[in-house]
Each structure stands twice: as C-alpha cells, then as structure tokens.
*Asks:* 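Okay, handing you the structure first.
Please read these numbers as outputs of a predicted model, since none were measured by experiment. Order of the sequence lines sets the chain letters (A, B, ...), proteins ahead of strands, with each chain counted from 1. Any value given below was found using the heavy atoms of this structure, including those in side chains, with hydrogens, waters and symmetry copies removed.
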Amino acid sequence: MFDIKLIRNNPELVRAAMEKRNAPVDLDTILAVDAKRRSAVYEMEQLRARQNQASETIARKKKNREDADDVIEEMKQIKEQSATLEIVVRQAEEDLQEILLSLPNLPDETVPFGKNEEDNQVIRHWGEPPAFDFEVKDHVDIAEKLGIVDFSRAAKIAGARFTLSLGYGAQIERALINFMLDAHTKLHGYTEALPPLLVNTPSVQGTGQLPKFSADLFKVDNTDYWLIPTAEVPVTNIHRDEILREEDLPKYYVAYTPCFRSEAGSYGKDTRGMIRVHQFNKVELVKFTTPETSWDELEKLTANAEYILQQLGLAYRVVNLCGGDLGFSSAKTYDLEVWVPAQNTYREISSCSNFTDFQARRANIRFRRDKKPEFVHTLNGSGLAVGRTVVAILENYQQEDGSVVIPEALRPYMGGLTQIPARP
RNA sequence: GGAGGGUUAGCAUAAUUGGUAAUGCACCGGUCUUGAAAACCGGCGGCUUCGGCCUUGAGGGUUCGAGUCCCUCACCCUCCGCCA
C-alpha cells in the first residue's frame, strides 16, 4: 500500500511511476480526498479536546461533591456535534483507504519502460536448448503416451484445467518437490514451512491480491476462507502485525504448497496441457529483509531459483519485467523462463520479486532497530513451479522412442530411475 | 457441536462502587566511567495543522464518562462429544 505522505509530498514522482506502469492515476482526486479527510479529522480532534476537558471537569466536581449538571449538559451538546462529524471523518477515511489499496507499487528505477511482455528485457541466458533429430512432441502427447498424466479423467473428476498424475507422473512431482526443498533448506539457508492452504481476508489483502484481484481467486462458500493462489500469501502473513528484531533479519522461508487459481479471463490461453491449470504444485521462496539489503537479496533469491534449473540441466533465460508487465505489488520482478521445445520458446517457470515495503505496509510487518519500528521489505519467488518443471523435463528430455530421461540430479529422488520407459 | 476460562504496549503483569491505562523486564538515548556494568534521567504503539487526538482482540450498545456493564463476532486455553 502507498504511503499517502509520499503522494502528498512528491506527487510528480508518483505520477511518473504510475505512467511507467501504464496505470495512470488521478492524483488530484486523491489529494482532494486526503485534504478533506485531514480537515475533518482536525475539526473532530478539536471537539474531542473540549470533550476531554469537560469530562475531567465533571470528574473533579463529582469528587468534590459539587454540582456538575451544567457541564454535563454542555457535554451532551458536544456529543451530538461530534457524532455527525464522525460520520464525515469515517467516510473520508474509507474513501482514501479504498483508493490507496487500489494503487500498485512504485516500480524501481532499473525496471525498463514498456507496455507489455514484448518490452521485457532479457538479462541473461543459461544453457543451450537441446537439438532434436526427430519431430518433438509436446508434453501432453508425451505424458499421455507414457500413461503418467490423465487429462480426460481429471476433467471428469473436477473439470477443465485440472490434472491427474499417475505412476511416474505423480512420483516425479513428489521427487521434484523434495529435491527443491532439500536444495533450499540445506544449501540456501531457508526454513521449511508447511502453511494453511485456506487463508482469511486480511491475509489476502496483506499480500495485495485483494481487493483488486478477487476474480483470480477461489473462495470457499459461506466462510471467510480463500484458497491460496501461492504460498506467498500464508508465508508472508506469518509475520503480519508483528515487530521483528533487527538481528532476526533477514528471514528466509521455503514452502511447498498446492496453488489454486481461477484463471478468470484467460479463456483460450494455454487451454491444452498443464501449463495453465486451476491447481498446481509450487515451491515458494519468501524473504523478510531490512530496506537496505532487499535489492541484494532479490539477486540472491533469483540465483537460488536458477540453481534448480541448472541442476536439472534445463535451458532458461532471465527477464527483467517492464513497467507495464509488472505485478501489482512488485517493485521489480525477474521472470525465469525455461525452454519449452514444442512451443519453440521460453515460458515462465518462476517469478522473483522485491515488494519493498508495499506488502509490509499492508500487512503491518515491521522491525525495530532504533526506537521507531520500521517496515521490513518482503520478497518472494518460485523455486520452482513444479507442474511447469515437469512440462520442461518431459519435453527437453524426450527420446525418439517416447521415453523420457530423468535428469541426473533427480535420480536419487526417483529411486535411481534413469528414464521413464516408453510403453508399447 | 456443548460447557467453562481467557485476549491490556516487544514480553510479562496491574487497574476499589464506571472517573479517563499503572508497573517490571527487554530495548534505545543521555549523565557518570579509561571502557563496561551498576545507578540515575529521559524515551520506548499510531497520527498531528505540535494545540493536541487516537490506542485495552474486532464491531456495536448503555452513559456526561467504559479496560470495567450489556450484545454480536474472531482467536487462544481446559474439559465433553465427534473425528483422520
């Protein structure tokens, strides 16, 4: 959430930032609502001050057994005035809050200008896309031939955009989850978390999915529960409304969870296969840091996610998202895009972001070093999206006979299996 | 689902019949010291137009005035029931 003071003191900076995001805002309206709120608050505080004084007078008089009826009468009148003023103040505060919650984060200076994903900036490449001397198949064909993913039965059980993994398909997901969790806990210093998959409204508001993006989420009927779209939500909210100690920062968490997304508005995109589904597994990295270190921590977090792709021998590139493509809460995002042979292109498999103090402000996550508590910075990134990793492995490691070689790093997690054998 | 107890600042604990939140620890700053500790002084939730205002889990109500009384809700603890 935005600091209203920043808008008040430096509107040009905010205006420029929102333009960079391709999401211009009407700052004059915001400033007008703010001014209205401030004057109403001031007026009410004046009244309160008189109320408090009168109240003290009454208490004193009563103690001395003096008559206080005249002061009590005055208080009754003040009370009526403040009741109407209170409504004005409350309305103004709600108006301002609504606007502030709808504003996206300020993009960092290093975020490139641009409208959409075509303007994203490729930072670096790793690995070579494999060369095939046969016609490559896409992951759907490969998986169905191997009998490891059953899309039609998934549709029967749940509906379109669900998967049913079976046999080696289920096993490779479990192996990937364990491999990723082990790497991040044992090598990169993250604490493993297994959080709730249902969360309440304040949690979803804290990370920025609400109030604007409720259409992307699943809500449980007749409750205040939302299905998490990413582990970012429950894990970032671990420290909601807390004041951390400076010496406890940075805090690193890694969590495996299923993720649930309604994918409203994505009709016609990636309808086939397991690239875009309503439920998928993901291993998520989350950090809480001091403001000075968050940019370094973003580089390190991104490297931690890249490590997984490197170990799996999957070619990828790192992309710096442009202003127009940046997520609502993010100040800067690196997407890791893995090579997908059947599409002859790179597809997102991880998104690593620095949210600066945007989420911390919403979720009230602070730390103390001198006397005043300060907002922490929060970061997160997929490390990695498991379903899409399976897609990448199936397509990049496919063999002409229909079998799929298991990347070496994963074999210990597959009971030493070296390939998923082709079926006759 | 039922019964009872609880929620006060970073933590821990107070607050006569309703009179406007006290104290300890931790932490920060200062005095003192060669340095530190101790002691002492100040600070130690948010906002502020620097006059003040707000803050006792959340939201209502009664009252001139609510931590305190009433109602609704959330969460935590104990027990019963049900349950993987």
Side-chain angles (χ1 to χ4, degrees), chain A residues 1-9 30-97 99-101 194-206 210-211 219-226 233-234 237-249 251 258 288 290 357 360-376:
Chain A
M1 182 165 64
F2 249 93
D3 186 359
I4 182 63
K5 280 190 249 176
L6 186 64
I7 300 175
R8 210 185 287 152
N9 300 333
I30 298 174
L31 290 169
V33 171
D34 178 48
K36 189 177 158 198
R37 180 192 129 266
R38 296 219 302 159
S39 71
V41 165
Y42 184 70
E43 212 178 319
M44 195 180 69
E45 285 187 0
Q46 298 292 307
L47 216 51
R48 287 266 169 80
R50 272 171 64 198
Q51 234 170 322
N52 289 343
Q53 278 173 18
S55 196
E56 274 173 48
T57 308
I58 293 169
R60 197 175 57 243
K61 286 197 169 188
K62 291 258 179 182
K63 203 171 273 178
N64 297 336
R65 300 184 181 282
E66 290 172 38
D67 179 62
D69 287 355
D70 54 330
V71 191
I72 287 176
E73 193 51 42
E74 190 198 340
M75 276 283 276
K76 278 185 179 165
Q77 286 174 18
I78 296 176
K79 199 188 167 192
E80 276 175 36
Q81 287 180 52
S82 70
T84 55
L85 249 181
E86 206 168 307
I87 294 170
V88 176
V89 168
R90 189 176 302 188
Q91 187 60 49
E93 273 174 353
E94 274 174 22
D95 290 349
L96 187 65
Q97 181 77 352
I99 295 171
L100 290 180
L101 282 174
L194 189 64
L197 307 181
L198 297 177
V199 295
N200 54 31
T201 297
S203 291
V204 194
Q205 190 159 300
L210 285 185
K219 172 105 193 250
V220 182
D221 254 356
N222 302 319
T223 70
D224 182 40
Y225 294 133
W226 302 82
V233 177
N237 279 283
I238 288 174
H239 296 298
R240 170 153 53 88
D241 291 321
E242 289 186 16
I243 299 180
L244 304 169
R245 298 185 307 177
E246 187 187 19
E247 57 265 36
D248 292 338
L249 298 177
K251 275 182 174 289
F288 300 83
T290 58
D357 64 357
R361 206 175 276 285
R362 288 177 160 237
N364 194 28
I365 307 168
R366 296 171 295 172
F367 75 104
R368 195 195 296 277
R369 48 184 157 195
D370 297 319
K371 62 181 198 191
K372 285 237 175 203
E374 301 170 54
F375 290 113
V376 301

*Asks:* Under a 3.5 Å cut-off for both distances, is rC75(B) Watson-Crick or wobble paired, and to whom?
*Replies:* rG6(B)

*Asks:* How many Å lie between CG on L85(A) and C1' on rC53(B), as a whole number?
*Replies:* 13 Å

*Asks:* Given the C1' atoms of rG57(B) and rC53(B), what is the spacing between them in whole Å?
*Replies:* 22 Å

*Asks:* Please report the distance separating the C1' of rA3(B) from the corresponding atom of rG67(B), rounded so that it comes out in whole Å.
*Replies:* 26 Å

*Asks:* What I want to check is whether the side chains of R240(A) and S203(A) have a donor and an acceptor closer together than 3.5 Å.
*Replies:* yes

*Asks:* What I want to check is whether the side chains of D95(A) and Q91(A) have a donor and an acceptor closer together than 3.5 Å.
*Replies:* yes

*Asks:* Identify whether any heavy atom of K61(A) sits under 4.0 Å from a base atom; if not, whether one sits that close to sugar-phosphate; answer base, sugar-phosphate or nothing.
*Replies:* nothing

*Asks:* Between E86(A) (CD) and rC54(B) (C1'), how many Å, whole number?
*Replies:* 11 Å

*Asks:* Taking only N and O in the side chain of N52(A), is any of them less than 4.0 Å away from OP1 or OP2 of rC54(B)?
*Replies:* yes

*Asks:* So, do Y42(A) and rU49(B) meet the stacking rule of ring centres under 5.5 Å and planes under 30°?
*Replies:* yes

*Asks:* Return the nucleotide paired to rU33(B): Watson-Crick means purine N1 to pyrimidine N3 with N6-O4 or O6-N4, wobble means G-U with N1-O2 and O6-N3, both under 3.5 Å.
*Replies:* none

*Asks:* Please report the distance, rounded to the nearest Å, between CZ in R240(A) and P in rG57(B).
*Replies:* 17 Å

*Asks:* Over all heavy atoms of both residues, which pair between L244(A) and I365(A) is shortest? Give the atoms and the distance, please.
*Replies:* CD1-CG2, 4.4 Å

*Asks:* Contact class for D224(A) (heavy atom, under 4.0 Å): base, sugar-phosphate, or nothing?
*Replies:* nothing

*Asks:* Of all the choices, rU48(B), rG45(B), rC53(B), which nucleotide is nearest to the side chain of R48(A) once you look at every atom?
*Replies:* rC53(B)

*Asks:* Would you indicate what R90(A) reaches in the nucleic acid, counting non-hydrogen atoms under 4.0 angstrom: base, sugar-phosphate, or nothing?
*Replies:* sugar-phosphate

*Asks:* Checking side-chain polar atoms at under 3.5 Å, does N200(A) have a donor or acceptor matched by the opposite partner on D224(A)?
*Replies:* no

*Asks:* Nearest whole angstrom, please: distance from the C1' of rU63(B) to the CD of Q51(A).
*Replies:* 12 Å

*Asks:* Would you mind reading off the distance between R361(A) atom CZ and rG46(B) atom C1', rounded to a whole angstrom?
*Replies:* 13 Å

*Asks:* Does the structure show a Watson-Crick or G-U wobble partner for rG67(B), both distances under 3.5 Å? Name it, or say none.
*Replies:* none

*Asks:* Looking only at side-chain atoms of A49(A), point me to the closest of rG65(B), rC53(B), rG45(B).
*Replies:* rC53(B)

*Asks:* Which nucleotide wins on minimum distance to the side chain of K79(A), given the candidates rC53(B), rC64(B), rC44(B)?
*Replies:* rC64(B)

*Asks:* Starting from the C-alpha separation in whole Å, work towards a yes-or-no answer on side chain to side chain contact (heavy atoms under 4.5 Å, CB included) for T290(A) and F367(A).
*Replies:* CA-CA 8 Å; T290(A) 58; F367(A) 75 104; 4.1 Å; yes

*Asks:* Specify the residue among R8(A) and K76(A) whose closest nucleotide of RNA chain B lies further upstream toward the 5′ end.
*Replies:* R8(A)

*Asks:* Rounded to the nearest Å, what distance is computed from the CD1 atom of residue I78(A) to the C1' atom of nucleotide rG65(B)?
*Replies:* 12 Å

*Asks:* Within the 4.0 Å heavy-atom criterion, would you say I243(A) contacts the bases, only the backbone, or no part of the nucleic acid?
*Replies:* sugar-phosphate

*Asks:* Calculate the interatomic distance between M75(A) atom CE and rU62(B) atom P; express it in whole Å.
*Replies:* 15 Å

*Asks:* Atom CD1 of I4(A) and atom C1' of rG46(B): how far apart are they, to the nearest Å?
*Replies:* 16 Å

*Asks:* Using the C1' atoms only, state how far rA9(B) lies from rA21(B), rounded to an integer number of Å.
*Replies:* 11 Å

*Asks:* Would you mind telling me which of rG10(B), rG51(B), rC53(B) lies closest to the side-chain atoms of Q46(A)?
*Replies:* rG51(B)

*Asks:* Assign each of Q53(A) and E43(A) to its nearest nucleotide of RNA chain B by heavy atoms, then name whichever residue's nucleotide is nearer the 5' end.
*Replies:* E43(A)

*Asks:* Can you check whether R245(A) has a side-chain N or O nearer than 4.0 Å to OP1 or OP2 of rG10(B)?
*Replies:* no

*Asks:* Whether E86(A) and R90(A) form a salt bridge (side-chain N of Lys/Arg under 4.0 Å from carboxylate O of Asp/Glu) is what I want to check.
*Replies:* yes

*Asks:* Would you say K62(A) places a side-chain N or O within less than 4.0 Å of OP1 or OP2 belonging to rG19(B)?
*Replies:* no

*Asks:* At under 4.0 Å between heavy atoms, what does R60(A) touch on the DNA or RNA strands: base, sugar-phosphate, or nothing?
*Replies:* nothing

*Asks:* rG42(B) pairs with which nucleotide, Watson-Crick or G-U wobble, both distances below 3.5 Å?
*Replies:* rC28(B)

*Asks:* Under 4.0 Å between a side-chain nitrogen and a carboxylate oxygen: does that hold for E45(A) and R50(A)?
*Replies:* no

*Asks:* Does rA12(B) have a Watson-Crick or wobble partner in any strand here, with both distances under 3.5 angstrom, and which is it?
*Replies:* rU23(B)

